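Reading through the structure tokens given below for one structure.
Given the structure is predicted, the values throughout are model-derived calculations rather than measurements. FYI, side chains are in, hydrogens and waters are out, and symmetry mates aren't considered; it's all heavy atoms of this structure. Each chain gets a letter, A, B and so on, in the order its sequence line appears, and its residues count up from 1.
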2 protein chains.
Amino acid sequence: MATIYQVSALAGVSLATVSRVMNNNAKVSDKTKQKVVDAMKELGYRPNATARSLASSRSDSVGLLVSELHGPFFGQMMGGTESELRDAGKHVIITTGHSDEEKEIDGIEFLLSRNCDALILHVEAVSDEYLIKLNKGKVPIVLINRFIEEMADSCITLDNALGGYLMTKSILEKGHTEIAYISGPKWKSDSNERIKGHKKALQEYNLPFNEQLMYQGDFTQSGGCEGISSLLEVGRPFTVLICGNDEMASGALATARQKGLDVPKDLSIVGFDNVIYASLLFPTLTTIDYPIRDMGHMAARLVLKNIYGQKKLDIRHQFLPELVERDSTISI
Amino acid sequence: MATIYQVSALAGVSLATVSRVMNNNAKVSDKTKQKVVDAMKELGYRPNATARSLASSRSDSVGLLVSELHGPFFGQMMGGTESELRDAGKHVIITTGHSDEEKEIDGIEFLLSRNCDALILHVEAVSDEYLIKLNKGKVPIVLINRFIEEMADSCITLDNALGGYLMTKSILEKGHTEIAYISGPKWKSDSNERIKGHKKALQEYNLPFNEQLMYQGDFTQSGGCEGISSLLEVGRPFTVLICGNDEMASGALATARQKGLDVPKDLSIVGFDNVIYASLLFPTLTTIDYPIRDMGHMAARLVLKNIYGQKKLDIRHQFLPELVERDSTISI
DNA sequence: TTGTATGCGTTATCAT
DNA sequence: ATGATAACGCATACAA
């Protein structure tokens, strides 16, 4: 691989000059610039990003930490962030945290060690204190789907409580009173917020929250399957099943059908996220739209604005969920 | 951020010694090692991967290029590769090619410029020649879902032709003779191989290939929607619709239902890939299982074996597709 | 076992 | 406008 030395030698100029034309951040006469460009082309020169980064402590790349690489949710998020950044000529370095504190920290340290210009994090296990401290460091942080008062300017969030409220309200309006609920892991804030909204809606309708018909799932399809099975075994009838996300809802849907239940006639089901295949299920799934792709976009824009100086971008920190009514819910 | 200099000063040893305990690749007395470790801890020292990489021309990370970050196919592939590599203490740097030659090359150059120890590529647009040349370079390459004779040892492939054959044969066995086909882009090799297998099965049954009922889609859901609409307009009846992948199949399925067609009674539909939600659709989708997660795993193992010296791993280069019969196909 | 010195490929600060 | 040269943070061949 050709280096800057060889280019400078072939072009008959100094290292500094070659560097200047690469970064075109200083005046270079057209004549010498041409010589350099020619030399570069002849040698097939490609700058070494590592050396460049070491010398400049920049890297033109931003670190992105997601919980998982698979699944519709993170797929959309990564896609949104990457496309925006790529359009701006920046690269994204992706790694995973697997919702595990140690792995999340490991991932963050990896990204930091790669000299990322900024970090966009979807973290669930590390503490607020850790993040606050991290945020005081040299590398700017953007938090997605998590709100921390002390670093509010760096947070891109969805109003999960509102989402939980909307989904419950919609089924209460349909006359349901016997409600089962498969939540996400209780230690995840979005699960909890959704439950909060759920309870608020119940309160407005003077309905009690029934702990018996609450099952704690794990946001996966199979979690939804196990959830509905377990809930049916409780023996207490319910006319609607609220799921903490679409993946669990789709699992529950399939299991319900296997058990001979007609959705929505025998049982209404609601999801959360509006994943790409929610409208392909049968019946099509009523859910809450989570504009995660837009939020991924916005996280990228926040970085572009704060770190890469694209001042004119306007930023939105809080996104709103919306009810998407489809065929999996029915009035009774 | 603390550097190796500060650690060496605090510990009262030389740079080299600090470096040795970091990499523990040379004898260091327990006593001095302890001093160094203590100093590191006290300073919260974290090695700078960039500097490290520049000095050693290694990076303990492998570059991964996929076409897209979203979608069930690439999600599974990335997940498989990352988990295997992460378990081995290596990191993955992911970037995208968007099935576009220029972007694929840009992505590869980015990965190369980051000093990746190896590259795992799912590329569709760059030429064989480019890859062969790339493969002669310093950085080892692994190709996934693409076969090039000259670098066969670096390829992890699925027998797409066999898959195409299996899917067609299964519906021929069911008595279908009026067959419509929504293919992937014709310039993608997997699309083509699947069509080849399709034709081979037709031949065995002495059935003609009907160009009229062939629609070229783009492997997306909406492509499937457009495909079936267009095919229905041809006016020539068909009892089965073969789709180049599950995403198009799911789009076609939804559109078919919208148009009042009963799947599978009025129309059988087959997909390809066996994506995670194929079994959640209604009716559940008959498809060809593409073990892409395993293949992602295997690509990682190939790297671990060849580059990171884990010699005992055994490698499999060719994977076989399997028919998964579900409810979207029926005998006539 | 430990230390010294040099190189890795750039950027950036001085000069000129 | 251009050139010398010192960082950047670490690995490593060579000495001791």
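Within residues 18-29 of chain A, the residues having any heavy atom under 4.0 Å from DNA chain D are, by residue number, A:Arg20, A:Lys27, A:Val28, A:Ser29.
Contact annotation: B:Thr32 side-chain N/O to C:dT2 OP1/OP2 distance is under 4.0 Å. An OP1 or OP2 oxygen of C:dT11 is reached within less than 4.0 angstrom by a side-chain nitrogen or oxygen of A:Arg52.
Both A:Leu54 and A:Thr17 lie close to DNA chain D; mapped to their nearest nucleotides by heavy-atom distance, the more 5′-ward contact belongs to A:Thr17.
Distance A:Ile4 CD1 to C:dT11 C1': 8 Å, rounded to the nearest Å. A straight line from CG of B:Asn115 to P of C:dC8 spans 13 Å, rounded to a whole angstrom. Taking atom OH of residue B:Tyr5 and atom P of nucleotide C:dT4, one finds them 13 Å apart after rounding to whole Å. Rounded to an integer number of Å, the gap from A:Met1 CE to C:dC8 P is 15 Å. One atom, CZ of B:Arg114, and another, C1' of C:dT10, lie 13 Å apart when rounded to the nearest Å.
Sorted by first and then second residue, the salt bridge (Lys or Arg N to Asp or Glu O under 4.0 Å) pairs involving residues 69-85 of chain B (not counting sequence neighbours) are B:Glu82-B:Arg86. Every pair passing ring-ring contact (aromatic ring centres under 6.0 Å, His included) that includes a residue from residues 79-99 of chain B is listed here, sequence neighbours excluded: A:Phe110-B:His91. Sorted by first and then second residue, the pairs that involve residues 90-99 of chain B and meet salt bridge (Lys or Arg N to Asp or Glu O under 4.0 Å), not counting sequence neighbours, are B:Asp60-B:Lys90. The list of salt bridge (Lys or Arg N to Asp or Glu O under 4.0 Å) pairs with a residue in residues 143-153 of chain A, not counting sequence neighbours, reads A:Asp128-A:Arg146. Here salt bridge (Lys or Arg N to Asp or Glu O under 4.0 Å) pairs that include residues 5-16 of chain B, with residues two or more places apart or in two chains, number zero.
Sparse packing is recorded around CD of A:Glu102, with 12 or fewer heavy atoms of other residues, nucleotides or ligands lying under 6.0 Å away.
For A:Ser56, the side-chain atoms get nearest to C:dA12 when compared with the rest of C:dC8, C:dA12, C:dG3. Distances were taken from every side-chain heavy atom of A:Ala55 (C-beta onward) to each of C:dG3, C:dC8, C:dT10; the shortest belongs to C:dT10.
Residues forming a side-chain hydrogen bond (donor to acceptor under 3.5 Å, both in side chains) with B:Arg114 (at least two apart in sequence, or on another chain): none. Not a single salt bridge (charged side-chain N to carboxylate O under 4.0 Å, His left out) links A:Glu68 to another residue, sequence neighbours left out. Taking the side-chain hydrogen bond (donor to acceptor under 3.5 Å, both in side chains) definition, one finds that A:Gln34 meets it with A:Asp38, sequence neighbours left out.
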Identify every side-chain donor-acceptor pair in residues 300-311 of chain A under 3.5 Å, counting partners at least two apart or on other chains, and give the distances.
{"unit_1": "A:Lys305", "atom_1": "NZ", "unit_2": "A:Leu313", "atom_2": "O", "d": "2.7"}
{"unit_1": "A:Tyr308", "atom_1": "OH", "unit_2": "A:Asp117", "atom_2": "OD2", "d": "2.6"}

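No hydrogens or angles considered: a donor-acceptor pair under 3.5 Å links the side chains of A:Ser14 and A:Thr17.
Taken over five-pair windows at either terminus, the axes of the helix from C:dT1-D:dA16 to C:dT16-D:dA1 are inclined to one another by 40° (rounded to 10 degrees).
Mapping heavy-atom proximity under 4.0 Å, the span of DNA chain D touched by chain A runs 5' to 3' from D:dA1 to D:dG9.
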